[in-house]
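Notes follow the structure.
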Number of protein chains: 2
Amino acid sequence: MAQRDILNQLRGKGVRLTPQRLLILNAVSDGGGHMGVDEVFRRAKESYPYIDIATVYRTLHLFRRMGVVTEVAIGDRLHFEITDPEAPHHHMVCRPCGGAYDLAPDYLDEFRNTLSVEFDFEPDLDNFTVTGVCSNCKKYGADALGA
Amino acid sequence: MAQRDILNQLRGKGVRLTPQRLLILNAVSDGGGHMGVDEVFRRAKESYPYIDIATVYRTLHLFRRMGVVTEVAIGDRLHFEITDPEAPHHHMVCRPCGGAYDLAPDYLDEFRNTLSVEFDFEPDLDNFTVTGVCSNCKKYGADALGA
DNA sequence: TGCTCTTCTGCAAACGTTTGCGGCTGCTTA
DNA sequence: TAAGCAGCCGCAAACGTTTGCAGAAGAGCA
């Protein structure tokens, strides 16, 4: 999603566009991959040193509710990335090395369907993360780090 | 798993059986379903008021590593239940009402197999929780509570 | 039983995250 | 452009959870 579209979308929902919010949006956007909260905070602080960590959390949660960013739990810390409506995806997170890999949504279609039909349970699979052990860590035994 | 078997299993692994640990094991065991940490703490305190919350956390994590209890995230709080090796299961947690439902393991067999074959990724599906909206909350619109 | 070693415990401080509060500011209307 | 209001921000305190430390206590052996 282009920056401009995001801003229009937010404005349309009555969300105020403060300097802090723009800073945080840029930080997540420029970061590229999955950004830790502290990394977002650090980047935003470079432009505006008075920004508070509480504002970062509040803003990231706001953006998540608005669908602008997606939350990914890596280890037990929260990470965020810009939501890409063109290419929605889930995440596989490697417990030993902390790596995060994208997973196409169709791998979960059948699972979603089963839960819906059999239990009338509507899973939150828009933002789904499965932890495990990746190929590399399996090969080189980095699992020793795991919990 | 019978209490006696659990204790023997722990002893066999060189884990010390202190009064605090027995208290915590009983608390989780007697609680029935998925127990919140604060509930475990409250129960243990009834028998031994000097017990510390840090001991409860440390012990529950020890038990989890030993496979004695299973961790279930409900909302963003940790809950624990005695692991039943006779009837392993996953969990569906309803976001609006916080209800936790058991899910038989075979619903995930295919998913596990796909990740393993296609990505050489070994998912942690021993302790798997999917959040969503349960049948009741869908019907009565309790979703208004959700995040 | 008593000694020794290892591990566990309670305490307190720290972590990452959330929340209440009072002052400030972006947005709307005129 | 100026005024008013809704809602945002920084601050500080609180939350649930984790960690470092020094003393206490379980387990094995004499």
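Reminder, nothing fancy here: chain letters follow the sequence lines and each chain counts from 1. Since this is a predicted model, take the numbers as computed values, not measurements. Scope of the values below: all heavy atoms of this structure, side chains included, with no hydrogens, waters or symmetry mates.
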**Request:** Name the residue closer to the 5' end of DNA chain D, choosing between Val15(B) and Asp52(A) according to the nucleotide with the nearest heavy atom.
**Result:**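 First, find each residue's nearest nucleotide; the 5'-ward one identifies Asp52(A).
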So for Arg58(A) and dG7(D), does any side-chain atom that can act as donor or acceptor lie under 3.5 Å from a complementary atom in the base?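 A donor-acceptor contact between them is absent.
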Could you check how far [atom1] of [X] sits from [atom2] of [N], rounded to whole Å?
| X | N | atom1 | atom2 | result |
| --- | --- | --- | --- | --- |
| Phe41(A) | dC9(D) | CZ | C1' | 13 Å |
| Ile53(B) | dT9(C) | CD1 | P | 13 Å |
| Met66(B) | dC8(C) | CE | C1' | 13 Å |
| Phe63(A) | dC8(D) | CZ | P | 11 Å |
| Leu23(B) | dG10(C) | CG | P | 10 Å |
| Leu17(A) | dC27(C) | CG | C1' | 10 Å |
| His79(B) | dG16(D) | NE2 | P | 12 Å |
| Arg11(A) | dA6(D) | CZ | P | 21 Å |

N or O in side chain of [X] less than 4.0 angstrom from [N] OP1/OP2:
| X | N | answer |
| --- | --- | --- |
| Arg21(B) | dT9(C) | yes |
| Thr18(B) | dG26(D) | no |
| Gln20(B) | dG10(C) | yes |
| Tyr50(A) | dC24(C) | no |

Short side-chain donor-acceptor distance under 3.5 Å, His91(A) and Glu71(A)
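There is no such pair (donor and acceptor under 3.5 Å, judged by atom type) between the side chains of Glu71(A) and His91(A).
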Open item on the list: When you compare the side chains of His89(B) and Glu81(B), does any donor N or O come within less than 3.5 Å of an acceptor on the partner?
Closed with: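 Per modelled atom types, His89(B) and Glu81(B) side chains form a pair under 3.5 Å.
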Open item on the list: By the 4.0 Å heavy-atom rule, please label Tyr48(A) as base, sugar-phosphate, or nothing.
Closed with: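 Sugar-phosphate contact only - Tyr48(A) comes under 4.0 Å of backbone atoms but never of a base.
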| said: Measuring from the side chain of Ile51(A) (C-beta onward, heavy atoms only), which nucleotide among dT18(D), dG10(D), dG26(C) has the closest atom? | reply: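 Of all the options, the side chain of Ile51(A) is nearest to dG10(D).
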Q) To the side chain of Arg16(B), which of dT18(C), dA25(D), dT25(C) is closest? A)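 From the listed options, dA25(D) comes nearest.
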Looking only at atom types and distance, does a side-chain atom of [X] sit under 3.5 Å from a main-chain N or O of [Y], one as donor and one as acceptor?
| X | Y | result |
| --- | --- | --- |
| Thr59(A) | Thr55(A) | yes |
| Arg11(A) | Arg16(A) | no |
| Gln20(A) | Asp52(A) | no |

